[in-house]
Structures are given as structure tokens and as C-alpha cells.
Amino acid sequence: MDVQEGAYNFGQIEKKWQEFWQEHKTFKAKDCDASRPKYYVLDMFPYPSGEGLHVGHPEGYTASDIVARYKRMKGFNVLHPVGWDAFGLPAEQHAIKTGTDPALTTAKNITNMRRQTKSLGFSYDWDREIATTDPEYYKWTQWIFLKFFNSYFDEREQKAKPIEELPVPGGLSEKERHQFIDDHRLAYQADVPVNWCPALGTVLANEEVVGGVSERGGYPVVRRPMRQWMLRITKYADRLLEDLAEVDWPESIKKLQVDWIGRSVGAEVRFQIDRHDQDLWVFTTRPDTLFGATYMVIAPEHPLVDAITTPAQKAAVQEYREVAARKSDLDRTDLAKEKTGVFTGAHAINPVNNEKIPIWISDYVLISYGTGAIMAVPAHDDRDFEFAKKFNLPIIPVVEPPDPHDAELVRRSELCFTGDGRAINSGPFNGLPTREFQEKITAWLAERGQGKKAVNYKLRDWLFSRQRYWGEPFPILHAEDGRVIGLSEDELPLRLPDVADYRPPGTGESPLAKATDWVNVTLPDGTKAQRETNTMPQWAGSCWYYLRYLDPRNSQRGWDPTKEKYWMPVDLYIGGAEHAVLHLLYSRFWHKFLYDLGYVSTKEPFHKLINQGMILGEDGQKMSKSRGNVVNPDKVVEEYGADSMRLYEMFMGPLEAIKPWSMRDMQGVSRFLQKTWRIVVDEETGQLAPAVKDAEPDEETARLLHQTIHKVGSDIETFGFNTAISAMMIFVNHLAKQEVRPRSVVESFILLLAPFAPHIAEELWQRLGHPESLAYQCWPRYEKEIAREKQIELPVQINGKLRDRILVPVDLEEEQVKARALASGKIVAALAGKTPKKVIVVKGKMVSVVV
RNA sequence: GCCGAAGUGGCGGAACUGGCAGACGCGCAGGAUUCAAAAUCCUGUCCCCGCAAGGGGGUGAGGGUUCGAUUCCCUCCUUCGGCACCA
């Protein structure tokens, strides 16, 4: 069968315009153009996987592209770049299995994903494309790492400074001096218990361990101390919290970050250990419950354990420690499990009342938080309560709950109360409300040198090294004499060596350790050194990529400061909520650090953040290969075209909602585009439809057009893309019925459609006689007067029930509206002679009669 | 367990600051066009009673505030996401 001459041939049209945009560099962003306001729209760049794009990617990318195209039409100088977060485990696993260089796998995957991305017609400035695996890119990742290595944190000014400015105490030996400096670097090495995954032959960050097994692969993970590189993100905890006030992010995401940082204010309190000269420091957020402390608990790994354990308890303590050490994180955090612990035989002396209380060890106290020791107040802490019940330890209530019933239960030690109340059993402090007590007692302790105010964070320093091949090498040398030396800038990039075997040696080292030619170097003074063989985690490259887009080909510096000042901050950042904490926290941290050193001009990198929701399979389940419900974007584009795909992704529902895919609904938006096509083009002839004429629009059409202009524009501004599309559908339905479709009206509409379905819009625009691309056409002007309805229908209610509708001129006086409502036949009938008590007229909305 | 988000027709969803619940799309039913089909167009489509006019019910459940509640408040249920002994 012949294809009709003028039918909507999306395949041809999309190819044509994609080539046009590429050839004309239509979307090239112009640096430092002072004549227009700038707008930086950023997508979370994808990992180039072998699977290629899935339909979740184009969701966020379409949304950001609509905004980018809309902003261009509104006169903004738009920066809309794309790139590849290309280091990562899958390519390395593939290399281990097949011996293929991950660089080759990655390049192949990028080629495929670039093709897919281009097929959707996103208005990226492709000249700025980057990949984190490119040595010209990771050169600067290494450069930033060296900045961390060569900086310290000035506590007084609360900012990073060059390490040369670190005040080093006098009288130190050369070795001590080095040690002191190394201990203050923002990138430092530490022996830390890490999550060692034997199956992957690597350590994992806490966040890569989910439920005791590796996030990728699901292999068991155990604790094991190893030398690791750490970044001092904890120094930035307060600033990372405070500056959340500056950004326009979803409240839920901010809250996740706040909780992740987990700042808690309380006191550190000193307990003397009975018959020892050492003290035991604890951290508590409830110093007001000190009188209720009936025992102490220290972590099994606590350094004082050996010193204080009595001979009688030695064996039991020793055994407990060994069992605890063997436990994985999963076992230790399993709440279903009962509390365990062993008495050390030692006692501590409570500074407020000189009571002697027993010291236990238990793994419910973590060595890595606070001081690794607590005072246990079972009456007012759930965990202590549970422990005390199990081991029959005394429970002394010291806070009286406001509720008398609760108060009685607490008095009988039957209820653990963790809220605020009034002090009891607390000597001279009895009767004080919780808050006031906390302040008083903290001051009281401080006066006596028994305590001080303290702040703790759940946030830990960032474990920054991985034992992998496919990551950025650390620009670090370990000299024979133990010195740790950072490479100089002109030695960057330090490239990954070629290796024959990508398998980890299994010693805990990375596969790089086997590249001995690369590892062993001779220093200028003739002594020998070894390269660091760990590599950086995948987060590293994504911590600063938004800066490289500003100046992607600069070989002299990471980015030009003038360009940085012009483009930053990112105005709109769209991506998945799975990065709510880690990526967004890490990159904020790097950004603040770069801000301290003067390399960036804004405190925060991302002003506005939107999370797109996940797209589920047609069965309402998460898409996965094993379920067989994965939708392939290539197929959809082939069958319906990129414009339909884009439109459908936006029409499914609110951007941020989780929603299931539906091929049937996909056809619905495809029909809408075909209808749009037929409004302009005569399918028989391929010429402009005869109904498209140079004519004045009738009043109704003009009104609807302007209402649509308003709706679509404001919906784009508020990311309500689904309702914008619905408004356009209403308009097209109207226009399709008109015998005359004024050219000016059709053109305005095409411009509205352009950000959503750019290929068809460009094609129709051209067919309407415009030789230029519409990418920089002015967004249609909204005329409020034209959009205004002349008559409106008002509902009339009696006692809240709808009884009639009246048609009135839009600006009719209130009294008149009232009169007309009461005069309506149905209302008269419904009132049945009763006199209304009250008549409420809500202007332009409704009339409510109360009887 | 704690924190967060959300529950609206057969389905995806809409409803601005408390003001006509169900826009728009899908599906379905009937009709037009066609030799027939696809495509397209028209009409209908929350539920119940009724031929109709009309009436009653209805936004997870129950209560409250209000002339009026999907929207605000309280209690509860369900689903999804995050955290998981952080003292």
C-alpha cells in the first residue's frame, strides 16, 4: 500500500531535524554572553551500561530538555550539557570475566548510549560532552584530590586552607612534623575497619552495603581493618546542614540529608573508674538523666576494656570480644536479636552523686560514635531499658512524664519514657523541666571539670579508596622512608596502566598492585617509591562534572574562573531520588571545599533540584530483565517516534511520581501528534491544509489560544508537564473542528508544542514558511484581556448541595449575582417558600444559599 | 520500630490560596465512513434508583471544623521510599 504523500512520517522528520541541529550547532551555549540572562539546566549524567538507555532515563532528560528549550525561547542563554559517569563496576566485572579492557567496553557502551540519546532529540550542546574516564577529565579529578591532600581545615574560620598555612607546633622531630601534617590533611590515610567483600575482592563504602551484603551482586560483607584513604567530610557537617536553607530542593530530600548527617547536641561527661586512675568519657544527649544512670556500657573494641576488666571476668569478656569481632554489620545491627553483653567487673563513679555503677561491654554501643561508651539510663532510653530488663539491672526513673498515667507506669519501672518532663530523684535538681535541667547540669559539670557541651554526628568521614582497577588512580607516592608524597600538577594525569589481568590479587590490594612497572618508581633523589594502588570510588568523577561542562576542553585548568562566575550555580538539576543523599552530599562537600580555596564562587552547586519518579513496567512492578517487563526505548522510538515518546513520558503523570508504563496510553499521545499534523498539513497532497488561512481568529479561538499559552507556560515553570500537554490537547481538539484555522493561531500553537515535541514542531514551522529553526523564536505572548472569559457559569448551592447553575457576565456585581441566583426557577422551587438565612457569593466561583 | 511520600472511575491521572469531583488521555459501548478492515469522525461512559425529568450516594476508613472539605484538624488502615541500636 502506498504511504500517503503528506502523512506524518516521524522517522524521516526526526532524522532530518536531528541532522539539522547537529550541523548548525543550534544548541551551542555561548560562554559569558552578557546580553542575555544565563540558565544552566543539568541532568544527572548516566552510567554507560551495556544494557543501554532504559525508559527511566528519558523521563528526567525530557523534562530538563523541555525547560531548556522553553528558556531559550524566553530569551535565556541556556547551558544544557551531557556526559558519561563512566567508571564503574560492571565494566570491571566484564573485564575480569573476559579479559577485555574496561576502556574498550566503556567506549562501546558510550557510543551506543550516545546514539540512543541523540535519537530522542535532546537539545544538548554536544561540543561539551565529557566522560569521567577520559584522562583529560580525570586529570582534574586527581587535581582536586591533591587539593584535598594539600589542605587542612581551620577550625576557627571553619574553612579549608592550604597545608602550608597549617600552624605546626615547634620542637617536633622531622618525623613528628610529617606525622602532624599528615594528620591534618583533608585527604588522609587511616587503618579503619572496612566492609571487606571477599567475593568482589574489595572494600565497600557503608552505603554500598545493604543489609549486610554488597549492593551490587549481593555478596556477603565482613569487617576487617585496612589502610584506606579518607576524606574529612565531617569537618563540613555543620556547613552542609546550614546551607540547605539556601537551596530550593524538595523538603523530603533535605530531610534525608539532615538525618544522614545526624547532628546531635549533648554533653560529654567524665566518669572516674573505681580503683583506676583512668577516666571514662561518655557522650549523652540527655545529661538531665545522669541521676538515673545505673550502669555503663562500653563498646567491645573500646581501648579501656583490657585495663579495667577484672581477672574473674577476663575469660567472659575475652570471649565476648571475639564473637563481636566476628560478627558482620548485619548481625550487629539486627534489631530482632536480643541484647547481649558481659560485665567487666569494674565500676564507674557517677559524678553527680558518687554512686558506683557497673561497667559492661556490649555491641549495642558502637566504637565509631561519640566516645564509644555510654551511661545507661534504662528508665529513659529504650535500648538501655531492654538491656536492663534482660540482665536485671536497676531502673531508676528520673523524669516524670506529663501524662499522670504514664508517670505511674514509669514510677513502677514498667514504662520507658524518652520524652520531656520534670526531674525526679535528682537531688537538688528535682522539679526542673527537661530542657532547663540539661542546660543547668551541663554548666554544673563544666564548672567542676566533669563534662562539657558536645556535638556528635552520624556522618562519618568518607572512605574514599577502592581496591579496583577501573577508577581514577590516586596521584600519590609512598616513599621508602614512609613519607607520603602527592604528585605535582604537571605530572597529571596519572594514567591507568595497562594490565594483563583484571582480577583482584585477593590480598585486599587492587589489581594495579600487579602492574609492578607502573607501581615502582625512582624519585629524583634516587630513592625508591611505590605508587598508591588503590583507586577512587565512582562518586569521585560525579562530584564535580558540572564544573567541567563550563570549560570542557581547557587543558590548563579544570575550568576558567570567568566562565564559572558566569554560569554557576546550576539553576535546575534533575535526576533520580536514589542520589538524594550520597551523590548530592558528596558533591556539595567538594563544592564547599573548592569554594574555600577560591575555585568556585557559590556556596552551593545546585540551586533547584527535582527528582523524577521511577517508571514501572506495564505490570506495575519495577522493570527488570528477570521479570521481562523492560521497555526498550529504541523500539518505542522506532514504532512511535521520539516526539511521541517524549510526550508520553511527560503525559504519564507528575514528574516526581512513580508510575507504570502503558503502551496503550503511548498510542494516545501518538494520536494527538497525528491530529496536530493534520491540522496543518493536508495528508492527501502534502501541502498546507486549506483550512490554514491568513485570517483573524474568532473570539473563542483567540481566547482559548491565550488561555493555552498561559497554561502551558506556567505549567512548564512549575514542572506540571502532564497538565500542559492536556491543555494542548484541548486546544488541538478545538482547532481541529474549525473550518478556518488562522495561520497566526496555528503558528503560536506550534511554538507552544516545540519544547515537548521539537521535531514535528520544527517541521510544521518550516512548512508554514519559516526558513529558520524555531529554537530561538519568541515564546508566544500571553494577553490576559484576550484570555478572559466574558460569561461564566456559576453553581448555586443550597446548604452545600448543588441545585442549579446560572450563566452570568463575568464581572456582574455581587448583589446582582445574588438576585439572579435567587430568581432561578430551580432555586425558587428548592427553597419552597423558605427565606434564606444567608447568601454567600464567592466572586467568579459560586453562590451558596443557607436556609 | 522511627522518619518521609501517597491512597480519587475499569486504568494513567486532573481539580489554583477550602468553592461545580473525575479535566485530558486510555479502555469500553453505540453510531457514521468503508465491499471489508485499519485510520478517522460523532455520541455516551463514577455508582445506585428512574423511560425520562429528577433524586440519592461518592475522593482508603471513622470522627471534627465550615454555608461548603479530595483540600484543614484528630484517630486508624494500606502501599511505596528512606533509616535502622548514632546514646
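For clarity, every value in this text was computed on a predicted model and none was experimentally measured. Residue numbering restarts at 1 for every chain, and letters A, B, ... go by the order of the sequence lines.
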### Message
Can you tell me whether the side chain of A:K837 and the base of B:C67 have a donor-acceptor pair closer than 3.5 Å?
### Response
no
### Query
Between B:A87, B:G4, B:G19, which nucleotide has the shortest distance from any of its atoms to the side chain of A:L366?
B:A87
### Query
Taking A:R286 as the fixed residue, which of A:T289, A:T284, A:D288 is the one that meets the side chain to side chain donor-acceptor pair (under 3.5 Å) rule?
A:D288
### Message
With a 4.0 Å cut-off on N to O distance, would you call A:E814 and A:K843 a salt bridge?
### Response
no
### Atom-to-atom span, CD1 of A:I615 to C1' of B:G12 - whole angstrom
12 Å
### Query
Which part of the nucleic acid, if any, lies within contact of A:K622, taking any heavy atom under 4.0 Å across all strands shown: a base, the sugar-phosphate backbone alone, or nothing?
nothing
### Task
Name the residue closer to the 5' end of RNA chain B, choosing between A:I374 and A:V847 according to the nucleotide with the nearest heavy atom.
A:V847
## Note on the structure
Closest of B:G19, B:C3, B:G82 to the A:L256 side chain is B:G82
### Summary
Taking for A:I798 and for A:K659 the nucleotide of RNA chain B with the nearest heavy atom, the one nearer the 5' end belongs to A:K659
#### Entry: Axial cation check for A:Y364 ring with A:K339, 6.0 Å and 45° limits
yes
### Face-on cation placement of A:K452 at A:W281 ring, 6.0 Å and 45° thresholds
yes
### Task
Check whether any side-chain heavy atom of A:S848 lies under 4.5 Å from a side-chain heavy atom of A:V839, and answer yes or no.
no
### Message
Between A:K659 and A:E59 (salt bridge meaning N to carboxylate O under 4.0 Å), is one present in this structure?
### Response
yes
### Message
Just to be sure I understand the rule, does A:K458 reach a base, reach only the sugar-phosphate, or reach nothing, if contact means heavy atoms closer than 4.0 Å?
### Response
base
### Query
Looking at A:W249, is A:R588 sitting on its ring face, NZ or CZ under 6.0 Å from the six-membered ring centre and within 45 degrees of the normal?
yes
### Task
Calculate the interatomic distance between A:I658 atom CD1 and B:C11 atom C1'; express it in whole Å.
18 Å
## Note on the structure
The contact string for nucleotides 20-33 of chain B, one letter per nucleotide 5' to 3', using protein heavy atoms under 4.0 Å with B, S and - for base, sugar-phosphate only and none, comes out as B--BBBSS------
### Query
What is the distance, rounded to the nearest whole Å, between atom CD1 of A:I253 and atom P of B:C3?
18 Å
### Query
Under 4.0 Å between a Lys/Arg side-chain N and an Asp/Glu carboxylate O for A:E700 and A:R703?
no
### Message
In whole Å, measure the gap between the P atoms of B:A61 and B:G57 for me.
### Response
16 Å
### Summary
Glycosidic torsion of B:G31 (syn if within 90° of 0, anti otherwise) classifies it as anti
### Nucleotide B:C11, atom P - distance to CE of A:M652 in whole Å
16 Å
### Task
Decide yes or no for A:L609 and A:I574: does some side-chain heavy atom of the first lie under 4.5 Å from some side-chain heavy atom of the second?
no
#### Entry: Between C1' of B:A6 and CD of A:E251, the distance in whole Å
17 Å
### Task
Provide, to the nearest angstrom, the distance between the CD atom belonging to A:E683 and the C1' atom belonging to B:C41.
13 Å
### Task
Could you tell me which nucleotide pairs with B:A15 by Watson-Crick or G-U wobble geometry, both distances under 3.5 Å, or answer none if nothing does?
none
Polar pairs (N or O, both sides) under 3.5 Å between protein and nucleotides 52-58 of chain B?
residue, atom, partner, partner atom, Å
B:G57, OP2, A:K801, NZ, 3.1

